[in-house]
Number of protein chains: 2
Amino acid sequence: MGYTIGEIAETTGLSIHTLRYYEKEGIMPSVKRNNSGIRIYEKTDLEVLQFIRCLKETGMPVIDIKKFVNLLVQGDHTIENRIDLLQKQKENVQSQVNQLMSYIQMLDGKVQLYKTILANKNE
Amino acid sequence: MGYTIGEIAETTGLSIHTLRYYEKEGIMPSVKRNNSGIRIYEKTDLEVLQFIRCLKETGMPVIDIKKFVNLLVQGDHTIENRIDLLQKQKENVQSQVNQLMSYIQMLDGKVQLYKTILANKNE
DNA sequence: GTAGTACCTTGAGTTAACTCTAGATCAAGC
DNA sequence: GCTTGATCTAGAGTTAACTCAAGGTACTAC
């Protein structure tokens with residue numbers, strides 16, 4: 001069978017508006033419709049959506065996600081290209097992680113400093 | 001002495017526009033001026049800016065950074081409050097890191113899958 | 001003292017990514 | 001067959017965080 005847009009909104013946490021927007025903008029491949037034009041989402045659509053969320057949350061801009069989805073739609077001969085994109089994204093995320101870890105250090109340093117100030121005040 | 005807004009823009013990588021915007025919006029404490037109204041940044045302003053960048057890049061929204069800067073401006077009796085905020089932010093960042101690491105797994109899984117497909121094609 | 005560059009303010013414009021509105025069609029239960 | 005709630009499209013509106021423009025003042029070097 002398939003799912004309606006409302007069900008997909010429910011399970012992904014994306015709004016109905018956002019789902020239609022994603023499709024209109026080519027951020028996700030277009031979804032099958034029934035005879036009266038209502039979207040019927042398949043399991044594969046859900047999987048693609050989940051992967052798109054991964055790309056989004058790792059900071060890939062919508063315009064690049066579009067490029068990836070375009071490759072996806074074009075079929076198997078774009079796989080090497082897709083591997084390239086994903087590997088670059090992986091490196092991106094890795095350096096984000098490193099950056100964030102150094103910010104954790106920074107936050108921690110500040111907290112320690114503040115605690116020292118407090119300790120000296122209460123002497 | 002002190003630095004002009006242009007020099008600060010140069011060293012922080014923020015634009016002059018952004019620096020003035022940050023001050024207008026209370027995202028950073030207001031900077032001293034000379035007799036003709038020109039901003040003279042001190043070393044401490046630079047340090048605050050660098051810390052603000054840390055908060056921003058770890059995803060703290062401008063409105064919350066404002067709150068933190070407000071506490072900063074109010075002096076030492078807000079230190080406990082600041083510790084709270086920073087510790088919460090640290091936890092935030094830690095869960096961001098965890099999330100990102102799971103996304104790295106996901107990206108990697110996809111790459112592996114694609115590579116397998118390629119390998120099977122070339123058999 | 002003037003040319004050229006950096007700085008000032010106020011307020012409007014931009015960009016990305018949604019988010020909502022209006023007006024119409026569709027589907028399910030009574 | 002009628003009501004109620006979900007879905008449709010096209011296009012306008014929103015939000016956060018800048019970014020720029022216009023019109024004016026200040027500083028530096030000749």
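In what follows, chains carry the letters A, B, and so on, assigned in the order in which the sequence lines appear, proteins first and then strands, with residues in each chain numbered from 1. Atoms considered below: every heavy atom in the structure, side chains included; atoms not considered: hydrogens, waters and symmetry mates.
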With heavy-atom distances below 4.5 Å as the criterion, would you say the side chains of A:Q89 and A:N92 are in contact?
yes

Under 4.0 Å from OP1 or OP2 of C:dA17: is there any side-chain N or O of A:T18 that close?
no

Determine, using the 4.5 Å side-chain heavy-atom cutoff (strictly less than), whether B:I63 and B:I27 are members of one ILVMFWY cluster.
no

Atom-pair distance (CD on A:E25; P on C:dT15), nearest Å:
15 Å

Short heteroatom pairs, N/O only, protein and nucleotides 22-24 of chain C, under 3.5 Å:
none

Give the rounded distance in Å between these two atoms: CD of A:E57 and C1' of C:dA16.
16 Å

Length of the line joining B:Y21:OH and C:dG13:P, which is rounded to integer Å:
18 Å

B:L19 CG - C:dC8 C1' separation (whole Å):
14 Å

Tell me whether A:I40 shares a hydrophobic cluster with A:V48, the cluster being built from Ile, Leu, Val, Met, Phe, Trp, Tyr side chains joined at under 4.5 Å.
no

What is the distance from CD1 of B:I8 to P of C:dC7, rounded to the nearest Å?
11 Å

Are A:I38 and A:I5 joined in one hydrophobic group, where the rule is that I, L, V, M, F, W and Y side chains link up if heavy atoms are under 4.5 Å apart?
no

What is the distance, rounded to the nearest whole Å, between atom CG of B:L14 and atom C1' of D:dT19?
13 Å

Rounded interatomic separation in angstrom, taking CE from A:M28 and C1' from C:dA17
17 Å

Tell me, yes or no, whether the heavy-atom count around B:E80 atom CD, taken from other residues, nucleotides or ligands under 6.0 Å, exceeds 12.
no

Measuring to OP1 and OP2 of D:dC18, would you say a side-chain N or O of B:Y22 lies under 4.0 angstrom away?
yes

Taking OP1 and OP2 of D:dA26, is either one under 4.0 Å from a side-chain nitrogen or oxygen of B:N35?
no

Protein heavy-atom contacts under 4.0 Å, written 5' to 3' over nucleotides 3-14 of chain D as B (base), S (sugar-phosphate only) or - (none), form the string ----SBB-B---

Could you give the NE2-to-C1' distance, from B:H17 to C:dG11, as a whole number of Å?
13 Å

Return a table of donor-acceptor pairs under 3.5 angstrom between the side chains of residues 8-23 of chain B and protein atoms on other chains or two or more places apart.
from  : atom 1 : to    : atom 2 : distance (Å)
B:T11 : OG1    : B:E7  : O      : 3.4
B:T11 : OG1    : B:I8  : O      : 3.3
B:T12 : OG1    : B:I8  : O      : 2.8
B:T12 : OG1    : B:L14 : N      : 3.1
B:S15 : OG     : B:H17 : N      : 3.4
B:S15 : OG     : B:T18 : N      : 3.0
B:S15 : OG     : B:T18 : OG1    : 2.9
B:E23 : OE1    : B:R39 : NE     : 2.7
B:E23 : OE2    : B:V31 : N      : 3.1

Do A:M28 and A:F51 have side chains that approach each other closer than 4.5 Å (heavy atoms only, starting at C-beta)?
no

Report yes if at least one side-chain N or O of A:K66 is closer than 4.0 Å to OP1 or OP2 of C:dA16; otherwise report no.
no

What's the separation between atom NZ in A:K66 and atom CG in A:L72, rounded to the nearest 0.5 Å?
15.5 Å

Supply the atom-to-atom distance B:K90 NZ to A:Q105 CD, rounded to the nearest 0.5 angstrom.
9.0 Å

